[in-house]
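I have placed the structure first, in the form of structure tokens, so that the comments after it can refer back to it.
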Amino acid sequence: MTSLFWAYAIVWLLFAGYALSISARQKNLQREIATLKTLVEQKGQAPAGRSRP
Amino acid sequence: MYGALLGAPTERTMGDIQRIFYVHVPAAWTAFAAFFVVFIGSVGYLVTKNFKWDRVALACAEIGTIFCTAVLITGPIWAKPVWGIWWTWDARLTSTLVLWLMYLSYLLLRDFLEEPARRATLSAVFGIIAFVDVPIVYFAIRLWRTQHPQPVVFGGEESGLDPTMLNVLLLAWLAFTIMFVLLAILRVRLEKSRDEVRQLRRELMMQ
């Protein structure tokens, strides 16, 4: 019975851990995308600002 | 879970430890399905050179490896009380371990390659070659004498399974398949976001 418990527990922890890792990686990437988009916009505006008389 | 732990009848010779079967077998079938999608994705990329196929192949390789890990964990947990040993180098167990190592290598290979087109092409070739081991794993217990139990589903006239056990097994497989599809959708979305980050970094460097 102990073996049965450990088999099910380990498998569900493995799947839950994997699903959580995907979620965490996705959150980090969304944050990075937001930061990069802001930087791209700022860099895109900077030369135009400098070229004005 | 309910079906596997309470719904299915207790097996006569092994007792409750046999209930590991309801996780072990569906996990193996789902891993095979995932690796088949890697094969399709790899062929798709080589034919079309569209990165969409590469993303699908990568997602399914990672998920298939997770399911294969579940198979390699639950097998020895079942084997110890039933066989008295955790592991034996028979054809089924060894070919499954080789399968797991090959897809792990596939994932590691991707980390070592920087250039996207080169990475996708080499991974696709590797994904096709690695799939050759799937039929070897499946037929290992049919072709060679192994310590691993003989098939109880699609195993011929002398094999079979109690109808309730078969229903629980198929239900567990359906649940694992749904979980695989959901994880694949999430994993492909993650890879799309990763590509967007790469694209934004390139734009930032070019400005």
Side-chain angles (χ1 to χ4, degrees), chain A, chain B residues 1 4-5 10 14-24 26-27 30 59 62-63 65-82 86 175-176 179-180 182-207:
Chain A
M1 212 52 182
T2 316
S3 301
L4 186 65
F5 167 79
W6 281 114
Y8 275 78
I10 292 170
V11 165
W12 287 112
L13 280 174
L14 181 72
F15 291 140
Y18 180 64
L20 286 173
S21 92
I22 292 179
S23 167
R25 284 185 280 172
Q26 183 70 50
K27 271 184 193 161
N28 285 341
L29 283 171
Q30 290 303 332
R31 218 173 294 140
E32 199 173 343
I33 287 168
T35 312
L36 286 169
K37 274 183 177 168
T38 314
L39 285 171
V40 168
E41 277 171 23
Q42 281 174 354
K43 269 205 160 184
Q45 285 166 357
R50 277 199 298 266
S51 63
R52 274 185 211 133
Chain B
M1 278 283 276
L5 296 176
T10 307
M14 286 183 271
D16 279 329
I17 195 71
Q18 181 270 344
R19 293 178 195 278
I20 289 178
F21 169 83
Y22 303 110
V23 178
H24 181 77
T30 313
E62 201 176 277
I63 299 164
T65 308
I66 293 288
F67 277 97
C68 200
T69 306
V71 174
L72 288 169
I73 290 171
T74 52
I77 294 176
W78 170 86
K80 181 65 180 164
V82 177
W86 293 102
F176 273 44
M179 185 160 68
F180 159 60
L182 292 175
L183 286 172
I185 291 168
L186 291 174
R187 188 62 186 81
V188 168
R189 195 182 297 167
L190 180 75
E191 211 50 38
K192 269 186 191 169
S193 300
R194 200 168 276 169
D195 285 349
E196 199 179 338
V197 167
R198 286 193 197 108
Q199 179 62 35
L200 284 166
R201 279 187 184 154
R202 262 197 300 272
E203 276 178 36
L204 206 60
M205 297 244 291
M206 277 158 56
Q207 278 179 359

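Every heavy atom of this structure was used, including side-chain atoms; hydrogens, water molecules and symmetry mates were not. The sequence lines fix the lettering, A, B, ..., with proteins before strands; numbering per chain opens at 1.
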### Summary
Counting heavy-atom pairs under 4.5 Å with chain A, the top scorer among Q199(B), H24(B), M179(B) is M179(B)
### L29(A) portion near chain B, given a 4.5 angstrom heavy-atom threshold
both
### Query
Mind checking whether F176(B) and F15(A) have parallel, tilted or perpendicular rings, split at 30° and 60°?
perpendicular
### Task
Return yes if some donor-acceptor pair links the side-chain N/O of Y18(A) with the main-chain N/O of E62(B) below 3.5 Å, else return no.
no
### Message
I need the I33(A) CD1 to E196(B) CD distance, nearest 0.5 Å.
### Response
4.0 Å
### Task
Name the region of V11(A), side chain, backbone, both or neither, that has any atom closer than 4.5 Å to a heavy atom of chain B.
side chain
## Note on the structure
Ranking L186(B), I63(B), L204(B) by heavy-atom pairs under 4.5 Å to chain A gives rank one to L204(B)
### Contact listing (chain B partner; residues 20-27 of chain A; heavy atom under 4.5 Å)
I22(A), R25(A), Q26(A)
### Task
May I ask you to name which of I73(B), L182(B), I77(B) has the most heavy-atom pairs under 4.5 Å with chain A?
I77(B)
### Message
Please report the interatomic distance CD(Q30(A)) to CZ(R189(B)), rounded to the nearest 0.5 Å.
### Response
9.0 Å
### Query
Do you know which of T74(B), I66(B), L183(B) has the most heavy-atom pairs with chain A at a distance under 4.5 angstrom?
I66(B)
#### Entry: Set of residues satisfying ring pair (Phe, Tyr, Trp, His ring centres under 6.0 Å) with respect to F180(B), sequence neighbours excluded
none
### Query
Which one, E203(B), R187(B), K80(B), leads in non-hydrogen pairs under 4.5 Å with chain A?
R187(B)
